Amino acid sequence: MPDADNRPDVQPEVHGVDHVSLLVSDARQARDFYVEVLGLVELARPDLGFPGAWLSLGAGQALHLLELTNPDPRDGRPEHGGRDRHVALRVNKTAPFADRLGQRDIPFTRSRSGRDALFLRDPDGNAVELVGND
């Protein structure tokens with residue numbers, strides 16, 4: 001008997017994002033950045049044979065940090081992360097993050113669209129966008 005999920009009359013559909021993975025050169029340093037700067041919560045992670053971390057993005061979504069050689073150069077990337085590959089995280093407001101980033105001397109740029117959004121880079125140069133709900 002065919003598996004119900006493999007019936008020809010059942011159309012495949014995507015329900016949302018489960019996780020996003022980023023390559024990082026130092027899993028502990030990256031984990032600390034995402035936990036201490038952005039306030040993400042660490043999740044349990046099985047032993048996968050290489051260093052990394054899983055972090056909750058809420059609503060069953062996660063950010064996976066994988067310690068491997070990052071093939072993306074840190075130099076020569078656009079200053080504004082909106083012109084680069086990036087992960088966009090929804091937040092209530094960006095102002096508290098802007099304050100925290102300023103206190104830690106972490107550079108960021110505001111969205112050029114006029115939205116409540118800002119862009120920053122993690123220690124490996126991965127671009128992160130924070131998008132306010134307003």
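Note that the structure is a prediction, hence the values are computed from the model and not measured.
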How about R104: does its CZ atom have over 12 heavy atoms from other parts shown lying under 6.0 Å from it?
yes
More than 12 foreign heavy atoms under 6.0 Å from CZ of R115: is that the case here?
yes
Going only through I, L, V, M, F, W and Y residues with side-chain contacts under 4.5 Å, is there a path from [X] to [Y]?
X: F97; Y: V35; value: yes
X: V20; Y: V41; value: no
X: L65; Y: V17; value: yes

Main chain of L23, side chain of N126: is a donor-acceptor contact present, judged purely on distance under 3.5 Å?
yes
Backbone of E79 reached by a side-chain donor or acceptor of R83 within 3.5 Å:
no
Show your reasoning for whether side chain to side chain contact (heavy atoms under 4.5 Å, CB included) applies to L120 and F33.
CA-CA 12 Å; L120 64 137; F33 174 84; 3.4 Å; yes
Assess the residue pair W54 and L48 against the criterion (side chain to side chain contact (heavy atoms under 4.5 Å, CB included)); give the C-alpha distance rounded to whole Å, side-chain angles, the decisive distance to 0.1 Å, and a yes or no.
CA-CA 12 Å; W54 290 1; L48 300 174; 4.2 Å; yes
What do the steps show when you test D84 against F119 for side chain to side chain contact (heavy atoms under 4.5 Å, CB included), and what is the final call?
CA-CA 10 Å; D84 200 356; F119 293 84; over 6 Å; no
Qualifying residue, where the test is side chain to side chain contact (heavy atoms under 4.5 Å, CB included) with L130 and the options are V87, D116, L118:
L118
In terms of the angle between their ring planes, are H64 and H19 parallel, tilted or perpendicular, with boundaries placed at 30° and 60°?
parallel
What verdict does the side chain to side chain contact (heavy atoms under 4.5 Å, CB included) test give for V128 and Y34, after you've listed the backbone C-alpha separation in whole Å, the side-chain angles of each residue and the deciding distance to 0.1 Å?
CA-CA 10 Å; V128 177; Y34 283 96; 3.5 Å; yes
Are any non-hydrogen side-chain atoms of V24 and R31 less than 4.5 angstrom apart?
no
